[in-house]
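Report on the structure given below.
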There are 2 protein chains.
Amino acid sequence: MDWDDVRSFLAIARARSLSGAARELGVRQSTMSRRLEALELRAGARLLQRTPRGYELTPLGEAVLGNAERMEAEAIAVERLVQGRDVALSGVVCSATNWMRIARQSG
Amino acid sequence: MDWDDVRSFLAIARARSLSGAARELGVRQSTMSRRLEALELRAGARLLQRTPRGYELTPLGEAVLGNAERMEAEAIAVERLVQGRDVALSGVVCSATNWMRIARQSG
DNA sequence: AATTCTTACGACGGCCGTAAGGATG
DNA sequence: CATCCTTACGGCCGTCGTAAGAATT
């Protein structure tokens with residue numbers, strides 16, 4: 001289960017529909033349908049099911065939900081750590097090629 | 001930072017070298033080099049640096065390490081939840097197309 | 001000199017949007 | 001019949017391994 005899987009899984013679980021999840025993540029319905037299919041094939045199990053009221057978590061999906069939410073929380077924490085940092089790297093031991101590459105990017 | 005990023009980051013941090021990390025993940029050195037470059041460009045910051053003793057974490061990398069390890073732990077927990085489950089889905093409310101698709105996969 | 005890292009190149013695979021069709025209520 | 005979901009198609013972008021060269025010790 002990669003990180004894109006986790007995002008799709010959470011979006012569908014929250015929106016209760018593929019179309020809603022797709023809207024939320026800025027992709028097409030068809031894309032979300034393929035993502036769910038691929039996700040469940042990779043997992044080898046169903047995590048979400050279509051009901052008269054839209055997509056709902058299976059018992060296994062419920063079990064996975066907590067893990068997925070914690071992964072999301074960690075990912076968000078990393079974003080916070082990383083964003084808005086000084087990338088100047090002054091004084092860092094670093095090969096010349098890396099220096100120039102990163103410098104190019106920073107500029 | 002997606003899940004593949006996390007795996008590469010952890011592998012490099014643990015092996016202290018790109019070649020060792022590549023060996024561990026079953027890819028080429030060149031692939032690991034590109035992954036680290038892409039990872040740090042996406043992050044907008046350096047997380048690992050080359051030192052006389054090999055690759056070591058920057059202070060920011062140290063800060064991220066804990067998050068990465070927790071993400072890994074959650075991912076492993078999901079694997080455990082998902083593997084070896086019964087995928088028979090008996091009695092599940094499910095569209096006919098989904099039924100047949102999953103049935104095909106299970107068989 | 002041996003090991004390690006970088007990068008240009010060509011190829012392959014995966015994922016996407018579009019569009020058309022089927023299911024659902 | 002309006003909405004939602006599925007899927008074949010064609011194209012594009014990303015990632016890979018190879019291979020050759022530079023850096024480091």
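Numbered from 1 within each chain, the chains take letters A, B, ... in sequence-line order.
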### Query
Under 4.5 Å between any side-chain heavy atoms of A:I76 and A:E72, yes or no?
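Yes - at least one pair of side-chain heavy atoms lies under 4.5 Å apart.
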
Take atom [atom1] of [X] and atom [atom2] of [N], then tell me their distance rounded to the nearest Å.
| X | N | atom1 | atom2 | value |
| --- | --- | --- | --- | --- |
| A:L25 | C:dC15 | CG | P | 15 Å |
| A:Q29 | C:dA23 | CD | P | 16 Å |
| B:R53 | C:dT4 | CZ | C1' | 17 Å |
| A:R50 | D:dT3 | CZ | C1' | 10 Å |
| A:L36 | C:dC16 | CG | P | 13 Å |
| A:L41 | C:dC15 | CG | C1' | 15 Å |
| A:Q49 | C:dT24 | CD | C1' | 16 Å |
| B:L39 | D:dT15 | CG | C1' | 14 Å |

### Query
In terms of the nearest nucleotide of DNA chain D, which residue is placed more toward the 5' end: B:D2 or A:G54?
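Its nucleotide being nearer the 5' end, the pick is A:G54.
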
### Query
Which residues in residues 4-20 of chain A have at least one heavy atom lying under 4.0 Å from any atom of DNA chain D?
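Within this stretch, A:S17, A:L18, A:S19 sit under 4.0 Å of the strand.
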
### Task
Would you mind checking if B:E24 and B:R16 are paired as a salt bridge, meaning a charged N to carboxylate O distance below 4.0 Å?
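Not counted as a salt bridge, because no side-chain N and carboxylate O are separated by less than 4.0 Å.
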
### Message
Between the side chains of B:R42 and B:D5, is the shortest nitrogen-to-carboxylate-oxygen separation below 4.0 Å, so that they form an ion pair?
### Response
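Yes, this pair counts.
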
### Query
With a 4.0 Å cut-off on heavy atoms, is B:R34 in touch with a base, just the backbone sugar-phosphate, or nothing at all?
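Result for B:R34 = base.
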
Verify the contact: side-chain N or O of [X] to OP1 or OP2 of [N], cut-off strictly under 4.0 Å; return yes or no.
| X | N | answer |
| --- | --- | --- |
| B:R28 | D:dC16 | no |
| A:S30 | D:dT6 | no |
| B:S33 | C:dC5 | no |
| A:R35 | C:dC16 | yes |

### Message
For the backbone of A:Y55 and the side chain of A:Q49, can you confirm whether one donor and one acceptor N or O come within less than 3.5 Å of each other?
### Response
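A pair under 3.5 Å: no.
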
### Query
Are A:R28 and A:T31 close enough that a side-chain donor and a side-chain acceptor fall under 3.5 Å?
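The answer is no; no qualifying pair exists.
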
### Message
Please report the interatomic distance CD(A:E74) to CE(B:M71), rounded to the nearest 0.5 Å.
### Response
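So the gap between those two atoms works out to 7.5 Å.
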
### Closest non-hydrogen atom pair between B:G20 and B:A15, with its separation
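Where B:G20 meets B:A15 most closely, the heavy atoms are C-CB, 3.7 Å.
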
